[in-house]
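Per chain, numbering begins at 1; letters A, B, ... match sequence-line order. Values reported hereafter were calculated over all heavy atoms of this structure, with side chains retained and with hydrogens, waters and symmetry mates removed.
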There are 2 protein chains.
Amino acid sequence: MSQSEPTSCHHAPQVNCGDCRLSAICLPISLALDDIAKLDDIVQRGRPLQKGQPLYEAGEDFKAVYALRSGAVKTSTISRDGEEQITGFYLPGEILGLDGLATNVHSNTAMALETSAICEIPFSQLEDLSMKLPNLQRRFFQLMSKEISHEQQLITLLSKKNADERIASLLVSISTRNHHRGLSSTEFYLPMSRSDMGNYLGLTIETVSRVMSRLHKQEVIALDKKHVVINQMDKLRAIASTAD
Amino acid sequence: MSQSEPTSCHHAPQVNCGDCRLSAICLPISLALDDIAKLDDIVQRGRPLQKGQPLYEAGEDFKAVYALRSGAVKTSTISRDGEEQITGFYLPGEILGLDGLATNVHSNTAMALETSAICEIPFSQLEDLSMKLPNLQRRFFQLMSKEISHEQQLITLLSKKNADERIASLLVSISTRNHHRGLSSTEFYLPMSRSDMGNYLGLTIETVSRVMSRLHKQEVIALDKKHVVINQMDKLRAIASTAD
DNA sequence: CGTGTCATTGAGGGACTTCAAGAGTGGTGG
DNA sequence: CCACCACTCTTGAAGTCCCTCAATGACACG
């Protein structure tokens with residue numbers, strides 16, 4: 001299995017929020033140390049999710065939000081005729097499951113793209129805690145609004161960008177998020193298949209493959225299957241940013 | 001100016017929620033009579049908005065949500081390079097402005113497509129009131145989730161549907177919403193320009209025009225500028241529903 | 001009556017899809 | 001160990017759908 005985390009094993013379930021390498025970008029962001037301890041008390045850390053296993057499914061009751069500690073997850077909706085539409089990819093330190101917040105029912109399915117360690121945060125307890133910690137509550141509003149603005153960016157991408165711009169946008173997005181997590185912004189493994197990329201970006205798998213090959217030939221990126229090295233970040237950004 | 005409401009003038013600012021023809025589908029839905037009266041007390045009814053005037057703009061502080069009493073409104077984001085992306089059309093009885101709820105800042109701009117009468121509901125007071133009226137609070141969660149699922153449907157449309165399916169989907173959507181408001185589901189005026197339709201659906205204005213003409217020639221719809229009559233609803237739905 | 005805006009229609013071209021074949025990879029079992 | 005299979009990915013050739021460019025028409029407004 002390809003692995004983007006060579007530093008150490010992050011699947012160990014015994015880590016707590018205070019020690020977690022991701023605390024700076026995850027839910028505990030801007031919380032005081034003893035507040036993190038309180039959050040820590042309600043976080044449940046289950047066994048890792050294997051590739052292809054669902055974290056939650058569309059239609060399920062909303063019971064918790066989830067923080068991704070390692071691995072990668074995709075979220076998707078299934079339209080009436082059974083076709084999948086991927087709505088997002090999630091990387092370590094990111095929070096998912098908020099799609100159920102409004103109705104108490106998840107509208108999306110979340111599925112592991114590779115073996116993933118996940119912190120589960122039961123929402124009832126989180127609600128109580130966030131009453132006491134205004135910073136935590138603010139963080140949740142931020143997250144919800146981030147979800148919405150992400151969707152609107154995706155709409156703009158699908159509505160206005162060509163294939164090159166779409167692919168470049170996705171690569172820049174992953175790069176930026178990796179950088180944010182303290183990882184390399186120029187070298188990483190794509191956690192999703194070409195098919196998932198195409199589904200997400202509104203392209204066929206062949207077009208995804210062709211564009212990636214083209215970027216490789218132009219030496220904007222180096223490419224070996226899922227391993228990506230960005231050689232010319234400025235150029236990639238230029239391609240991506242016919243708008244964000 | 002073309003007008004889809006020949007029955008009576010709905011721009012009169014003095015109407016209250018209890019008397020409003022739209023109370024069955026608007027915010028007061030499922031509220032008891034005296035609860036509607038409470039809601040009524042905080043609703044502000046300003047002078048009508050003229051075509052092209054903004055109701056709120058991206059970046060503005062979120063102070064209120066709005067109920068559309070007559071007319072039509074579009075919401076849109078402006079991407080970095082200045083291009084507009086329309087994210088929704090709103091018809092009488094529908095609520096807008098929730099895009100600011102998460103961050104207290106609007107992420108979209110809302111603009112009148114034709115002369116529109118609008119009820120403004122200051123959010124601070126609405127918050128207080130919804131504490132006391134659980135049905136009202138539930139209604140708000142519904143509305144937020146509706147916004148999210150609308151965006152996800154738009155994503156699927158942009159990602160998977162061809163031009164005919166996109167146009168048909170929009171027509172069916174407007175038809176359904178008109179029916180819901182007690183108006184004709186088969187005959188109505190489009191409140192937006194071809195350009196706005198194209199922007200929203202990710203198509204050029206020429207393609208919009210061609211598809212509309214084609215549907216006309218196939219006698220699925222009758223068409224005179226913005227006036228639409230749906231002759232074969234089943235056929236239109238069939239075209240639209242390669243998924244919803 | 002000219003001017004500007006919006007919409008329609010046609011011709012041509014381009015970007016992406018579809019169809020098809022083949023290469024590379026991982027897993028299973030003889 | 002390698003043959004076999006399933007699966008993913010790549011690459012090419014052909015086709016199609018939509019866009020671009022352009023001209024014209026319809027209508028409102030000064």
Side-chain angles (χ1 to χ4, degrees), chain A residues 1-3 50-52 72 74 83-84 86 111 113-115 157-171 189-218 221-228 239 242, chain B residues 1-3 50-52 72 74 83-84 86 111 113-115 157-171 189-218 221-228 239 242:
Chain A
M1 192 80 325
S2 65
Q3 203 51 3
Q50 296 302 315
K51 176 176 177 173
K74 69 172 173 182
E83 271 206 281
E84 178 183 28
I86 296 175
M111 188 153 104
L113 291 168
E114 48 189 55
T115 305
L157 178 147
L158 291 170
S159 179
K160 305 236 192 303
K161 290 189 179 183
N162 66 25
D164 287 29
E165 293 164 354
R166 294 183 197 195
I167 297 285
S169 294
L170 179 58
L171 293 177
Y189 284 86
L190 293 171
M192 73 292 284
S193 67
R194 298 288 192 267
S195 166
D196 281 341
M197 292 177 68
N199 184 302
Y200 177 69
L201 297 173
L203 301 170
T204 59
I205 180 174
E206 294 95 330
T207 302
V208 172
S209 186
R210 271 184 261 268
V211 172
M212 299 281 279
S213 298
R214 199 181 311 149
L215 289 173
H216 188 188
K217 263 177 210 124
Q218 295 168 346
I221 62 173
L223 190 61
D224 181 34
K225 291 159 210 158
K226 302 198 165 178
H227 181 230
V228 173
I239 296 171
T242 317
Chain B
M1 193 75 328
S2 64
Q3 202 52 2
Q50 295 303 314
K51 177 177 179 173
K74 70 172 174 183
E83 270 206 283
E84 178 183 29
I86 297 175
M111 187 153 103
L113 290 168
E114 48 188 56
T115 305
L157 178 146
L158 291 170
S159 180
K160 304 233 193 303
K161 290 189 179 185
N162 66 26
D164 289 28
E165 293 163 355
R166 293 183 198 196
I167 297 284
S169 295
L170 179 59
L171 293 178
Y189 283 86
L190 293 170
M192 73 293 283
S193 68
R194 298 286 192 268
S195 166
D196 282 340
M197 290 178 69
N199 184 301
Y200 177 68
L201 297 173
L203 300 170
T204 60
I205 181 174
E206 294 95 328
T207 301
V208 172
S209 187
R210 270 185 260 270
V211 172
M212 299 281 279
S213 299
R214 199 182 311 150
L215 288 173
H216 189 186
K217 262 176 211 129
Q218 294 168 348
I221 61 173
L223 191 60
D224 179 36
K225 291 158 208 158
K226 301 200 166 178
H227 181 230
V228 174
I239 297 172
T242 318

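Distance check, rounded to the nearest 0.5 Å: CZ of R194(B) to CD1 of I167(B) gives 8.5 Å. Rounding to the nearest 0.5 angstrom, the gap separating the CD atom in Q218(A) from the CD1 atom in I239(A) is 6.0 Å.
Salt bridge annotation for E114(B)-K226(B): absent, with no cationic side-chain nitrogen under 4.0 angstrom from a carboxylate oxygen.
Between H216(B) atom NE2 and dT8(C) atom P there is a gap of 11 Å when expressed in whole angstrom units. Here the C1' atom of nucleotide dC9(D) and the CE atom of M212(A) are 11 Å apart, to the nearest Å. Here dG13(C) presents its C1' atom at 14 Å from CD of E206(B), a figure rounded to the nearest Å. As a whole-Å value, the separation of K51(A) NZ from dG27(C) P is 9 Å. When the P atom of dT8(D) is taken as reference, atom CG of D224(A) falls 18 Å away, rounded to whole Å. Following rounding to the nearest Å, M197(B) (CE) and dT8(C) (C1') show an atom-to-atom distance of 14 Å. Computed from coordinates, the L223(B) CG to dA7(C) C1' distance equals 10 Å when rounded to whole Å. Rounded to an integer number of Å, the gap from CG of L215(A) to C1' of dT10(D) is 15 Å.
Within the 4.5 Å cutoff, the side chain of R210(B) has no heavy atoms near those of the D164(B) side chain.
Residue-level contact check: G198(B) touches neither bases nor backbone, having no heavy atom under 4.0 Å from any strand.
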### Task
Take R166(B) and L158(B) through the side-chain contact (heavy atoms from CB on, under 4.5 Å) test and state the conclusion after the steps.
CA-CA 8 Å; R166(B) 293 183 198 196; L158(B) 291 170; 3.8 Å; yes

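Donor-acceptor pairing under 3.5 Å, judged by distance alone, is absent between the side chain of R214(A) and the base of dT10(D).
At dA7(C), none of the side-chain N or O atoms of K225(B) fall inside 4.0 Å of OP1 or OP2 (strictly under the cut-off). For dC19(D), the OP1/OP2 oxygens have a side-chain nitrogen or oxygen of T204(B) closer than 4.0 Å. Checking the phosphate oxygens (OP1, OP2) of dT9(C), a side-chain nitrogen or oxygen of S213(B) falls inside 4.0 Å. Regarding contacts with the backbone of dT8(C), a side-chain N or O of R194(B) is found under 4.0 angstrom from either OP1 or OP2. Proximity of T207(B) to the phosphate of dC18(D): no side-chain N or O atom is located under 4.0 Å from OP1 or OP2.
Comparing dT10(D), dG24(C), dC9(D) by their nearest atom to the side chain of S193(A) picks out dC9(D). The nucleotide whose nearest atom lies closest to any side-chain atom of I205(B) is, among dA7(C), dC9(D), dT17(C), dA7(C).
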